Protein chains: 2
Amino acid sequence: MTTSGVASKARFSAQARLRALQADIMDLILERELEAGDPLPTENELALALGVGRNTLRESLKVLQALGVVEIRHGFGMFVAPSNFDALADGMTFRGRLSLRHKGDEALELVDVRQALESGLIGSAMDKMTAGQLAAVEESVTRMEELAAAGEPFVEADAEFHRRLFEPLNNALLISLLAVFWKVYRQIHLEVGTGAENLSESAAVHRRIYEAVAGGDKALAAERLNHHFDGIRHRIYEVIEK
Amino acid sequence: MTTSGVASKARFSAQARLRALQADIMDLILERELEAGDPLPTENELALALGVGRNTLRESLKVLQALGVVEIRHGFGMFVAPSNFDALADGMTFRGRLSLRHKGDEALELVDVRQALESGLIGSAMDKMTAGQLAAVEESVTRMEELAAAGEPFVEADAEFHRRLFEPLNNALLISLLAVFWKVYRQIHLEVGTGAENLSESAAVHRRIYEAVAGGDKALAAERLNHHFDGIRHRIYEVIEK
DNA sequence: CAAACAATATTGGATGTCCCACCTTCTGTT
DNA sequence: AACAGAAGGTGGGACATCCAATATTGTTTG
């Protein structure tokens, strides 16, 4: 048997049973020593093995898919998935939008966490940054400046700048988390109106961050990153106060 | 109509359709100006409103439940939920266990992120910490020391110590993230054996962190936190090398 | 009149079945 | 040998049916 408690008639709360089923599936993956990319049993086989109906199993599988544990390919099969935080981003975005209607607490919390991560890790990132990676960062800055001069928004280049800044750390989890925060911030930004006024100033802020990084001054880079986040925080405040 | 694209016959990938359905539900919540705790329509009403079958709707609802967007109470109804990151913790725990079987990259990444968060935010937390909160931190340390003297492990007190350290920031997102990281670390720890050897030394490390915090020396506190994480990282290395 | 209890309505939980859509693979024709 | 189409297997989805949990309502009883 793959696990415990499945056949028990004890009446856990429904939520607990769903969680248990998810855990059973994950245990099954671990017990069978499946790796990322390996195929899982079919839905019918799994439902039989775990002693639940197919629809019930599917509910758990969809949750695991959302959590990035399994990858489901229609007409082909189910597989152990590589990490995927997209659904998490959706959930957080919803939270952020919900909170923005009031005091925006959660949106500000998110900025605080992002600030702690970026300011706290910029030093290590600079240690490991190669010349090529540094050049990539500058390329992003240049693109932001060009777009700003043309009066175009540059969300994509902005995101790329921050991503490239921390690529040297080779930390997929960090990159994912920052991507999540970015996605949430972007969605909130779209929601509440553009704030497209200070394009060139925003580009200049990023230029200054780049210069500090290029100059190897960790403290200055961290400080300028902090300043950048103060600006973001200010924009959120403006939206809330309105 | 609450949203777009539901009735479209265009064949998106199945995954995209599921995501769209989740987004539809969230949009519905936002459009109706529902607050946390407010009730959602019943499953049948929702299925009808969104033009999908009840099972399909349920799959999306379970995902949203896992993401902490909705709360489902058997026999009572569904409600807009307060934040809940439990399922995220499960997913990350799975990832960590999966990766530990190989090089443990993801486990190490997780420690790095946690270190950045704690070291980066300890200063702000100290600024806002009240005398009562400081006393609570020391109480956790004392309990760890007592348990260490008795030869008992103290995972709970350890978690409490870190949680209390950052309570002053009033950042629910941060607390949740740290809780997730803690849960993952704890599960991994259980998985690979106890490492119960250095109990008193571990307690002493926490005592030194507390002393730095109590003394108001932010740099020292950050440094000692970093040292603490170096120890954790070392333990993970031991497990992998074996 | 009030408190305790029981019946009931409403809600989500779970399953089985049927059919559709998609992907891969095999196979047969050109 | 190469391409096209058929076949088999997989997940996707919708119902219908029944089970289980909860709150409410109504009744009984002190």
Side-chain angles (χ1 to χ4, degrees), chain A residues 5-25 28-29 34 37-81 84 87, chain B residues 5-25 28-29 34 37-66 69-81 84 87:
Chain A
V6 172
S8 168
K9 279 281 169 282
R11 282 300 160 236
F12 300 104
S13 79
Q15 178 160 349
R17 288 177 53 170
L18 180 68
R19 297 276 300 269
L21 184 52
Q22 294 167 24
D24 286 345
I25 298 170
L28 183 142
I29 293 174
L34 300 180
D38 287 352
L40 269 66
T42 69
E43 290 187 344
N44 282 317
E45 286 172 352
L46 263 184
L48 195 64
L50 299 178
V52 297
R54 184 171 170 244
N55 277 317
T56 307
L57 173 74
R58 281 183 120 250
E59 288 172 5
S60 283
L61 283 172
K62 289 303 170 71
V63 172
L64 292 181
Q65 179 189 33
L67 294 176
V69 173
V70 303
E71 178 187 352
I72 302 179
R73 295 177 58 185
H74 188 177
F76 193 26
M78 299 182 294
F79 307 85
V80 181
N84 176 335
Chain B
V6 172
S8 168
K9 278 285 170 279
R11 282 299 161 235
F12 300 104
S13 80
Q15 179 161 348
R17 288 177 53 167
L18 181 67
R19 297 276 299 269
L21 183 52
Q22 294 167 22
D24 287 345
I25 298 170
L28 182 142
I29 293 174
L34 299 180
D38 287 351
L40 269 68
T42 69
E43 290 188 344
N44 282 318
E45 287 172 351
L46 263 183
L48 195 63
L50 299 178
V52 298
R54 191 172 163 231
N55 275 318
T56 307
L57 173 75
R58 279 185 125 252
E59 289 171 4
S60 283
L61 282 172
K62 289 303 170 69
V63 171
L64 292 181
Q65 180 188 32
V69 171
V70 304
E71 177 187 353
I72 303 178
R73 295 177 57 185
H74 188 176
F76 193 26
M78 298 180 296
F79 306 86
V80 181
N84 177 333

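Keep in mind that what you see is a predicted model, and the values were worked out from it rather than measured. Just so we're on the same page: letters track the sequence lines, and every chain starts at 1.
In terms of heavy-atom proximity, A:L34 sits nearest to A:P39 at CD1-O, 3.9 Å. The two residues A:A81 and A:G68 make their nearest non-hydrogen contact at CB-O, 3.7 Å.
Rounded to an integer number of Å, the gap from B:L61 CG to C:dG12 P is 9 Å. One interatomic measurement links the two molecules: CG of A:L48 to P of D:dG11, which rounds to 14 Å at whole-angstrom precision. For A:F79 and C:dC23, the CZ to C1' distance is 10 Å, given to the nearest whole Å. D:dT10 atom P lies 8 Å from atom CG of A:N44, rounded to whole Å. Atom CD in A:E59 sits roughly 17 Å away from atom P in D:dG11 (whole-Å rounding). Rounded to an integer number of Å, the gap from B:L18 CG to C:dA21 C1' is 16 Å. Atom-to-atom, CG of A:L57 to P of D:dG13 comes out at 15 Å; the value is rounded to the nearest Å. Remark: P of C:dG16 and CZ of A:R58 are 15 Å apart, rounded to the nearest angstrom.
Contact between the side-chain N/O atoms of B:R17 and the OP1/OP2 oxygens of D:dG12 is not found at any separation under 4.0 Å. An OP1 or OP2 oxygen of C:dT17 is reached within less than 4.0 angstrom by no side-chain nitrogen or oxygen of A:R54.
Taking CG of A:L67 as the reference point, atom CD of A:Q22 lies at 6.5 Å (rounded to 0.5 Å). The CG atom of A:N55 lies 11.0 Å from the CG atom of A:L61; values are rounded to the nearest 0.5 Å.
By the side-chain contact (heavy atoms from CB on, under 4.5 Å) test, A:A20 pairs with no residue at all, sequence neighbours left out. Taking B:A47 as the reference, B:L57 meet the side-chain contact (heavy atoms from CB on, under 4.5 Å) condition, with sequence neighbours excluded. Among residues two or more places apart in sequence or in another chain, the side-chain contact (heavy atoms from CB on, under 4.5 Å) test is passed with A:P41 by A:L28, A:R32, A:E45, A:L46. Checked against side chain to side chain donor-acceptor pair (under 3.5 Å), A:E43 has the following partners two or more places apart in sequence or in another chain: A:R54, A:R58. Applying the side-chain contact (heavy atoms from CB on, under 4.5 Å) criterion to A:Q65, with sequence neighbours excluded, gives A:K62, A:V70, A:I72, B:Q15, B:L18.
Bending across the helix from C:dC1-D:dG30 to C:dT30-D:dA1, expressed as the angle between its end axes from five pairs apiece, amounts to 0° (10° rounding).
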Atom pairs, protein N/O to nucleotides 7-11 of chain C N/O, distance under 3.5 Å:
none

